[in-house]
There are 2 protein chains.
Amino acid sequence: MDEIARQAGVSKTTVYRALSGQGRIGESTRRRVLDIAERAGYRPNRLARGLRRARTGLIGVVVPGIEGQFYARLLEGVEKALQDVDHRVLLTMSRGQREYELVESLLDMQVDGLIVASETDEPEFYTRLLERRVPIVFIDREVPGLHADLVATDHFQGGVLLGEHLRERGYRRPAFLSMTDSPRRIGSVEDRWCGFRSVFRNAALLEFPFVASAERYQEDHPEAPQPETFSELCRHAVAGALEPLDGFPYDSVFAQYDHFALALIDALKAAGLRVPEDVGVVGFDDHDFTGYTEPSLTTIRQPLREIGLQAARRLLERIEEPDLPAAALRLPPRLIARRSSEPLAAKEQP
Amino acid sequence: MDEIARQAGVSKTTVYRALSGQGRIGESTRRRVLDIAERAGYRPNRLARGLRRARTGLIGVVVPGIEGQFYARLLEGVEKALQDVDHRVLLTMSRGQREYELVESLLDMQVDGLIVASETDEPEFYTRLLERRVPIVFIDREVPGLHADLVATDHFQGGVLLGEHLRERGYRRPAFLSMTDSPRRIGSVEDRWCGFRSVFRNAALLEFPFVASAERYQEDHPEAPQPETFSELCRHAVAGALEPLDGFPYDSVFAQYDHFALALIDALKAAGLRVPEDVGVVGFDDHDFTGYTEPSLTTIRQPLREIGLQAARRLLERIEEPDLPAAALRLPPRLIARRSSEPLAAKEQP
DNA sequence: CGGCCTTGCGTAACCGATTCCGCGACCCAC
DNA sequence: GTGGGTCGCGGAATCGGTTACGCAAGGCCG
């Protein structure tokens, strides 16, 4: 800018006025400066601007990882919404740990706000941040006792949809396959459980060891061979959950994620059970391939992209208007009925 | 920092020396300053530091999108490697357009370097950037005529592996299913084609309309209903590619991505053909679900995470040492043999 | 014609960390 | 006891935009 000012024979302030359109400036000067800037290939330094204005156009995003497609789709929505208003995503992956460090480092970089879609559950940290008036929007993750913005799928409704679906199709003894830590710890799964139970009072709870990431798995099983993909990870975990069972006393299972559902189907097949003839299975997420599996998987499609979009928009609003009351936005999920929950009626008329 | 200096009764310079460990400073002063800073919850402003040092610890990353799992896994590797050295990822998604604008905006933010894993192919833009000595590492994308760092799968080798696999299993009339734009435009697919042809001289080339993203699809087919997932997108495209065919004259198909492979299998089934009995199908990528599909999919597992890691490391090296000669790193892929390419021998002995 | 307002532009401070330069005190040796 | 060196520290400039303030010229009004 100094250089341009010199070339145009004006002050830096005037250059600024020409470039920004702010303030009073003569038309001819403006043109001349703009012309010189253009010719010089001038591009503003966003760091310097951010420093002075205390606004960087940077949004910090925290996710556990993006291999699981779930967070990837969310992120697509977030990035899209932010790109539309010329903001940038500063992305970090917590991989089930170090979440607070990462958030701190994002704040050090002077992000304008945070979108947190992660898994830890210590509210104190975020309480302090909210007291400091750091704009935060949580995605799909209700921090207990925290009065903050939230955008999520209506998980209760998802539980209801699947419950009603199974009931309509004639299933009567369903199980709810979950991780050891939930439903107490993970709000979304808790909500699904409540919705599901509102349809099936007698639903049983099946649990298996918590699996978040390859790193985490490696920590928990230091000597086991490292699974290469998330699918393999789930397969190990689900197999472990079925082992202690004496026979398989359920006629259907609501698995919390499609990965678990597919792993379960594999485990059931290995145990000599047919899906859906002996056991119906439904998942949650509608991953890309669930239409191609054998059997194809009945599942819930969450409006992930939309959630990301809304979360980003909400955050931008809050940055503009820090005093907005905190609100939760729950978007409706959609049932995708496929073969893995084929009606019992069908199997009883061979 | 001024505040801390005041409280400690020293100058800002001294505070800096205490905090950074740089320069000469008395032990007692150091302790006192550190103590006060700790108590005040001081955190350095990375913007200011970046401005002064011309080093931000920010790395710009450009990908088309991350729903397709391919870029998601790459990104996992990149983020991991950068996190280890306390750098952050500034993520942008080009969605098949606006790539240059995005790169410019990343540079405005004073990123230390760029990792580009995207799809456009105009070398001029990047030539200029390289002349300006902007550190760039390309991922899985050879820009023609550009002498730059590259990290990729050894696609030629991948083509060879699949070719040999099909030949060993008895297939003789293979087709190479690709997008209209390739293999001329996309280097990786071109390489696979060469590798595949080095095994099967008579391999045929099947093409279908290019599909990159929902946005792009919508542009090309403004009045068609918007597919909701990438799978659906591929299904439309592949179906279109098979339509003009008179019968199906091939005994096997090498589809360039697992998504295409699965879409193809669906299309073949719909046409009354059995996979792998009538037609063997192999894919490329080893997506998360390809072990669960019916039939399970033979494919190539690319070391995506590793590619991301190496690319990030390479970029860091180049940032430190801008005069390094440009190099291409091609990592070996791995064949994952599954049912979709079951030996012909098996089908001929019923 | 003097007071007042608008226009067009410049000066200097500022954001917060970093860095160059240098000064006074002190130690050691010749 | 004086020259040379080290130690501990401060002043001020710097990175590149942004902004508060103010000044001179010119027009308009009473």
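Any value given below was found using the heavy atoms of this structure, including those in side chains, with hydrogens, waters and symmetry copies removed. Quick note on labels: first sequence line is chain A, next is B, and so on, each numbered from 1. Values in this document were obtained by computation on a predicted structure and should not be read as measured data.
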- request: State whether B/E104 and B/R98 are salt-bridged, where the test is any N-O pair (Lys NZ or Arg NE/NH1/NH2 against Asp/Glu carboxylate O) under 4.0 Å.
  value: no
- prompt: Can you find a donor-acceptor pair, distance only, under 3.5 Å between B/T13 side chain and D/dG11 base?
  reply: yes
task: Answer yes or no: does a side-chain N or O of A/Y42 lie under 4.0 Å from OP1 or OP2 of D/dG17?
output: yes
query: Taking the nucleotide of DNA chain D with the closest heavy atom to each, which residue, B/R52 or A/R52, is nearer the 5' end?
result: B/R52
- request: Could you tell me whether A/L51 contacts a base, only the sugar-phosphate backbone, or nothing, with contacts defined as non-hydrogen atoms closer than 4.0 Å?
  value: base
task: Please evaluate the base of D/dG17 for a donor-acceptor partner in the side chain of A/K12 within a cut-off of under 3.5 Å?
output: yes
Between P of D/dT14 and CZ of B/R55, the distance in whole Å: 23 Å
query: Do the charged groups of B/D35 and B/R39 touch, with an N to O distance under 4.0 Å?
result: yes
task: Write down the distance between CD (A/Q110) and P (D/dC15), rounded to a whole number of angstrom.
output: 21 Å
- prompt: Could you give the CZ-to-P distance, from A/R17 to D/dG16, as a whole number of Å?
  reply: 21 Å
message: Can you confirm whether the side chains of A/R314 and A/Q310 place a donor and an acceptor under 3.5 Å from each other?
response: no
field: 5'-most by nearest nucleotide on DNA chain C - A/R30 or B/R46
entry: A/R30
- line: Assert: residue with more 5' nearest nucleotide on DNA chain D, out of B/T29 and A/A48, is B/T29
task: Grab the CG-C1' distance between A/N45 and D/dG16 for me, whole Å please.
output: 6 Å
Whole-Å gap separating P (D/dT14) and CE (A/M1): 17 Å
message: Is a donor from one side chain sitting under 3.5 angstrom from an acceptor on the other, for B/E99 and B/Y126?
response: yes
- request: Using a heavy-atom cut-off of under 4.0 Å over every strand shown, decide if B/R24 touches base, sugar-phosphate, or nothing.
  value: base
- request: Can you establish whether the number of heavy atoms outside A/E38 located under 6.0 Å from its atom CD is more than 12?
  value: no
query: Looking at the side chain of B/T14, which of C/dT18, D/dT18, D/dG10 is the nearest nucleotide?
result: D/dG10
- prompt: Is B/S11 near enough to D/dC9 that one of its side-chain N or O atoms lies under 4.0 angstrom from OP1 or OP2?
  reply: no
query: What nucleic acid atoms does A/R43 come within less than 4.0 Å of, heavy atoms only: base, sugar-phosphate, or nothing?
result: sugar-phosphate
